[in-house]
Amino acid sequence: MVIFIAAAIAVIGVGSGGSAALPGSGVGVTPDMTLVSWGELFGAIVAYLVVVMAMEGRRLPAELAPMRALDLVRGGIASFVCIAVSIGIIALLGGYRIVGFNAGYDPWADLLTLGLTAGVAEEIMMRGILLRLVEESLGSWGAVAVSALVFGLLHVTNPDGTLWGGIAIAIEAGLLFGAIYLATRSLWWCIGFHAMWNIAEGPIFGSIVSGTGAQQSWLVAQWNGPELLTGGSFGLEASIIPVLVLGGLAIAILIHLQRHGRMIAPVWVRRKLIVAEAVNANAVA
C-alpha cells in the first residue's frame, strides 16, 4: 500500500506538471505531453513490478499472462458498446447531435494520453495493485468500493474536475472496471476497456473526457440540454445516463458473481470459517 500511494502521488505530480499539454489540444504530441505520458506509465509499471515480483514473488502474473492478450480486443469492443449506448440514449433525449465530420483531426496526441497512458497506467495502479491488495483484507466488495472511490476522487483534480464528476466516475467507471476485473481476473480486459472508453467518448464521439478541456474528434457533436443530461464541462461521464446505465450494469455483474460464489469474503470472515472448520474437525475426531 505504501508503494501504491507513493506511485499515485508521483503520477499525479507528473500529470499536474504537464496538465496544459494533456488531452483536448488537438495539436499533436508535444514534448511535454510525451514526458507526462511516459512518466505516468513508468511510475505505474515500476510500482507494479515491485509489488508483484519483489514482494509477492510472482514472475508471470496470471492477470497479465501473454496468452490472455486477446482480452484487449474483447474489452475494447465491450467498452465501445457501453459508450455508444450511453451516447445513443442521450441523443434520443435531445442532448446529443452529430453536425459534421472532422477529416483533418490528428488523433495521435489523444490516442497516446487517453488510450495508452490511461488504459495501461491507471488500470495497473487501480485494479492491478489497489484492488488486488485491498481484496486480501476487505474482500471483493470492499476492494471494488475502495478502488472505485479512489479512482473517482483522482479525477476531481482535472482542470475542469468537479465533485459530482468524481462521484459519477466512481459509480459508472470505478465500479464497472472493478467488476470486470473480478469477473475476468484479467488486466488485459480492463486495459482494453479503459482505453477504448476514453477513445470512444473523446476522439470518436466528441465528448470532453473527464474534465480535461475542449476535445477535438472525428465526429463533430453538438451537446444541448441540462448539465445533468450532457455532463457539461466535465463531459459524458458526468451525465446521469452512464451513471444509471453503466453503474447498474456494474452492480448486476457484482451480484451475479456473489450468487455464483466468486466474491472473496473479508479476512475476518474467512478466519471465522477456518476456526469453525477446525472446531468441527476436532469434534468429529
Side-chain angles (χ1 to χ4, degrees), residues 8-9 11-13 15-16 18-25 36 40 79 82-91 93 95-96 110 113-115 117-119 121-123 125-127 130-131 144-180 190 193-217 221-251:
I9 293 173
V11 168
I12 293 171
S16 299
S19 60
L22 285 176
S25 62
V36 169
E40 291 179 351
S79 179
C82 287
I83 294 298
V85 168
S86 297
I87 293 282
I89 294 174
I90 294 174
L93 296 175
Y96 176 88
D110 293 333
T113 54
L114 297 175
T117 300
E122 293 182 14
E123 287 311 303
M125 292 182 63
M126 292 294 113
R127 263 54 68 174
L130 182 60
L131 188 148
V144 74
V146 170
S147 61
L149 179 61
V150 173
F151 184 65
L153 291 178
L154 287 177
H155 289 79
V156 175
T157 62
N158 287 347
D160 292 322
T162 63
L163 180 59
W164 163 245
I167 294 172
I169 285 184
I171 296 171
E172 73 207 9
L175 289 181
L176 184 56
F177 296 173
I180 288 171
C190 295
F193 198 99
H194 192 154
M196 179 53 72
W197 174 288
N198 287 352
I199 291 171
E201 68 173 324
I204 295 178
F205 288 109
S207 168
I208 295 171
V209 180
S210 307
T212 54
Q215 174 69 50
Q216 290 199 41
S217 58
Q222 185 178 71
W223 298 79
N224 300 300
E227 290 191 2
L228 191 61
L229 176 64
T230 66
S233 61
F234 194 86
L236 171 66
E237 292 159 332
S239 167
I240 193 63
I241 300 302
V243 171
L244 295 176
V245 174
L246 304 183
L249 175 61
I251 296 299

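Owing to the predicted nature of the structure, the values given are computational and were not obtained by experimental measurement.
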Taking all non-hydrogen atoms of both residues, which atom of A250 and which atom of A179 are closest, and how far apart? O-CB, 4.0 Å
Closest non-hydrogen atoms of L229 and N224, given as atom of the first, atom of the second and distance, are CD2-O, 4.3 Å
Approximate separation, where rounding is to 0.5 Å, of F193 CZ and C82 SG: 4.0 Å
Do you know the tightest heavy-atom contact between A221 and G206? CB-O, 4.4 Å
To the nearest 0.5 angstrom, please state how far the CD atom of E201 sits from the OG atom of S210. 5.5 Å
Could you grab the distance from atom CD of E172 to atom CG of L244, nearest 0.5 Å is fine? 9.5 Å
Fit a plane to each ring of H155 and F151, take the angle between them on a 0 to 90° scale, and name the class: parallel (under 30°), tilted (30 to 60°) or perpendicular (over 60°). perpendicular
Point-to-point distance, once rounded to the nearest 0.5 Å, from OH of Y96 to CD1 of I90: 9.5 Å
Any heavy-atom pair between the side chains of I241 and L93 that's under 4.5 Å? yes
Kindly indicate whether the side chain of N198, heavy atoms from C-beta on, has any atom under 4.5 Å from the side chain of E237. yes
Side chain to side chain, I208 and D160, heavy atoms closer than 4.5 Å: no
Testing the basics here: between L236 and S207, what is the closest heavy-atom pair and its distance to 0.1 Å? N-OG, 2.9 Å
Which distance, rounded to the nearest 0.5 Å, do you find between the CZ of F234 and the OG1 of T212? 8.5 Å
Between G152 and I169, what is the shortest heavy-atom contact and its length? CA-CG2, 4.2 Å
Treating S239 as the side-chain partner and P242 as the backbone partner, does any N or O pair qualify as donor plus acceptor under 3.5 Å? no
For the residue pair L154 and E122, establish whether any side-chain heavy-atom pair is separated by less than 4.5 Å. no
Pairwise side-chain contact, W197 with L246, heavy-atom cut-off 4.5 Å (strictly under): yes
Heavy-atom closest pair, residues G231 and A238: O-CB, 3.6 Å
About how many Å separate CD1 of I167 and CG of L163, when rounded to the nearest 0.5 Å? 4.0 Å
Are a donor atom and an acceptor atom from the side chains of D110 and Q215 found within less than 3.5 Å of each other? yes
